[in-house]
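First listed ligand is number 1; within each ligand, the first listed atom is number 1. Side chains included, hydrogens not; waters and symmetry mates left out as well; all remaining heavy atoms used. Counting begins at 1 with the first residue of the sequence. In this text the structure is predicted, and so the values were computed from the model without any measurement.
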Amino acid sequence: MAAALIFAALFGLAIGSFLNVVIWRLPRGESLSHPGSHCPKCETPIKPYDNVPVVGWLMLRGKCRSCGAPISARYPLVEAATGALYVLVVAVCWDDLSRIVLGIMLVTLLVPVTMIDLDVRRIPDKLTFPFAVAGVLAVAALDTSRLPEALIAGVAAFAFFYIAAVAKPGGMGFGDVKLAGVLGIYLGRAVAPGIFIGLVSGIVIGVVVIGRVGVAEGRRTKVPFGPSLALGGLIGFLVGDSIVDSYLDSF
Ligand SMILES: [Zn+2]
């Protein structure tokens, strides 16, 4: 198991490095493959040995080797978070390969969703749609008996958020609606506690914002809901089934 966890960490760091590219370029409509990584200030291409996840940034002490422009700490943080979440998925889902694959896919979706929604207040269809299709295919191939549950949960979560978005325009965005549907595919029935955790965390963040800037300003501040939904989705995926089971057992 130790070897698998180390492999998951290294794989997650490498994917996290690519997700940094996705987070920066996807909302700007830029190609994900060309040109290679370069300094945003002086445009010098980043040398392969400086591009090693986390380590490269630490060696450069967060500065471009050519022009000395600061390189944001979010790059190594995104890499480290992706690596840590891959390890968490493998550790929690250890005896179930299909859940490991689905969990890795889910993390790979939720990390850029969180960062892009924080950056530009938008969840691109270019992320949610491919992961919706890939999720259906993965469940069909790896865990066929759960396919009906995944589809029903996807449609139900989408419908729940769709109604919320239409009932209160300007609150929930349609990017959130589509993300909720994708979470249903990956989580199955566990999407219910996942969405609940997402809503609670969204409310907590809203209260904190109002506490810091006041009610009037807080009402005007548009707090993105994607990060809360992503958090709920991840927790729901990891422990949601046991929450549903203990809830049903209480009857
Ligand atoms: Zn530079």
**Asked** Phe237 and Tyr186: aromatic ring centres closer than 6.0 Å?
**Response** no

**Asked** Protein N/O/S atoms under 2.8 Å from the Zn ion (ligand 1): how many?
**Response** 4

**Message:** Please determine whether the number of non-hydrogen atoms from other residues, nucleotides or ligands lying under 6.0 Å from atom CZ of Arg212 exceeds 12.
**Reply:** no

**Item:** Ion pair Asp117/Arg122, N-O distance below 4.0 Å
**Value:** no

Return a table of donor-acceptor pairs under 3.5 angstrom between the side chains of residues 134-159 and protein atoms on other chains or two or more places apart.
| unit_1 | atom_1 | unit_2 | atom_2 | d |
| --- | --- | --- | --- | --- |
| Thr144 | OG1 | Ala140 | O | 2.8 |
| Arg146 | NH2 | Glu149 | OE2 | 3.0 |
| Glu149 | OE2 | Arg189 | N | 2.8 |

**Item:** Polar contact flag, side-chain donor to acceptor under 3.5 angstrom, Tyr75-Ser17
**Value:** no

**Prompt:** When the aromatic ring centroids of Phe161 and Phe174 are compared, is their separation below 6.0 Å?
**Reply:** no

